[in-house]
Amino acid sequence: MTAISHHVPDGMIAAYAAGTLGYPFELVVAAHVSMCDECRALLAAHEAAGGVVLEVAAAAPVSGDLKARTLAALDRPVRAEPRPVHRRSGIYPGPVAAALGAAGPRWQTMGGGVRQCILHEGTAGSVRLLSIPPEQAVPEHSHGGTELTLVLQGSFDDETGRFGVGDLEVADGSLEHTPVAGAGMPCICLAATDAPLRFRAWLPRLVQRYFRI
Amino acid sequence: MTDPTDALPSEQTVWMLAVRDRRDRAAFARLFDFYAPRLKAMAVRSGAGSQQAEDIVQDTMLTVWQKAGQFDPTRSQVSGWIYRIARNRQIDLSRRPAQPLPEEIETEEGHGEDPAQILALDQEVRQLRDALGRLKPEQFGMIERAYLGELSHSEIRAETGLPLGTIKSRIRLGLDRLRHELKGLRET
Ligand SMILES: [Zn+2]
């Protein structure tokens, strides 16, 4: 496995640790951390910082019987694990495999050989898998906002460099770029945006623009 | 080393390891005394009412007891580990999808922990606490708001400015060691 050279920005890891990042970006961060010990260590460092804040921030007295009630509950049988542990499945890191479920990705064709599989769309943005045929341009997946693109298979190149498996590209609205999938195999990415979604309406135009169909 | 307390792990680490390794209820009670009022304050600042905040405190502390076996002091410091549990609990109770979590590194039960590593991480975190104490009140206020979940991700997207490099390197060393051990186990 080649070394990962494009990582999650520090502030985004902090927001993940604090639980304020929102589901679409959290899925991308959790997937990257599953593949990258550098960011796993940085996340743990931010959690340590959160722990220090917990230690030094003001405290609030708890009810007199809360401790006794908690101690009395220690022997209670443990409730069933609410969230099962998901392992990596093929090219999909654990958290992505969990989002896909046992059936795996249900691809929709988008023209030009491009396929997508929407994993989630909501108020915090959207996250999807994109599959781009070798040597084809990658469609942008949002209007404005920030886009995160994590490579799960293959690679893509753009003006800022090469992105291989595990690499994360962070693009804000100001970046003019035309990513192109590498040769050999389709480039499969996990792509998220925090912009309000108008994807279905404008996608055909984009596909026309990039694939001239 | 000039300060003799530097050579000892923190009280919290000692209590947590006693809970993990010996199911020590007295040590758990000490952890409760230390963390419960802090966890309650954190939950209240995140918008929980007093009763719901105490439910979060109880749930978090019970999870600490139940999942103590997963605590690895070479990769997390007690307060950071408990912070993570509390934050997950709060997310579970809010009206939003559960936070996707990274794959766990599957470790062998009771893999050999290097006491020097545990102590080193404790000391790095102690230095971070000292560094936070030296911040101007408004800077500290921002950091506090960021980690207590009061800032949106776009507000903390920039660097937090905290000196986390040495803690990260220390945890990275622990991860490298763990990966090496796991590789060794698979090969034998
Ligand atoms: Zn990384």
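The figures here come from the full heavy-atom set of this structure, side chains too, leaving out hydrogens, waters and symmetry mates. Sequence lines set the chain letters: A, B, ... in the order given, protein chains first and strands last, and positions in each chain run from 1.
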I'd like to know if the side chain of A/S63 pairs up with that of B/E54 as donor and acceptor (distance under 3.5 Å, no hydrogens or angles considered). yes
Find out whether A/R88 and B/E103 are in side-chain contact, i.e. whether some heavy atom of one side chain is under 4.5 Å from a heavy atom of the other. yes
Pairwise side-chain contact, B/V57 with A/L66, heavy-atom cut-off 4.5 Å (strictly under): yes
Any ion pair linking B/R75 and A/E47 (charged N to carboxylate O, less than 4.0 Å)? no
Among residues 30-42 of chain B, those lying within the under-4.5 Å heavy-atom range of chain A are B/F32, B/D33, B/F34, B/Y35, B/A36, B/P37, B/R38, B/L39, B/K40, B/A41, B/M42
A/L27 side chain reached by B/P100 side chain, heavy atoms, under 4.5 Å: yes
Beyond-backbone contact of A/V56 with B/F140, side-chain heavy atoms, under 4.5 angstrom: yes
Could you go through the side-chain contact (heavy atoms from CB on, under 4.5 Å) check for A/H46 and B/R84 one step at a time? CA-CA 10 Å; A/H46 276 292; B/R84 188 173 94 174; over 6 Å; no
Turns out that what part of B/A53 lies under 4.5 Å from chain A's heavy atoms comes down to neither
Those residues that, when tested against A/R40, pass salt bridge (charged side-chain N to carboxylate O under 4.0 Å, His left out) (two or more places apart): A/D37
Residues in residues 89-107 of chain A near chain B [non-hydrogen atoms, under 4.5 Å]: A/P93, A/G94, A/P95
Any side chain to side chain donor-acceptor pair (under 3.5 Å) involving residues 136-146 of chain B? Give me the pairs, sequence neighbours left out, ordered by first then second residue. B/R45-B/E144
So do B/Q99 and A/Y23 actually touch side chain to side chain, heavy atoms under 4.5 Å? no
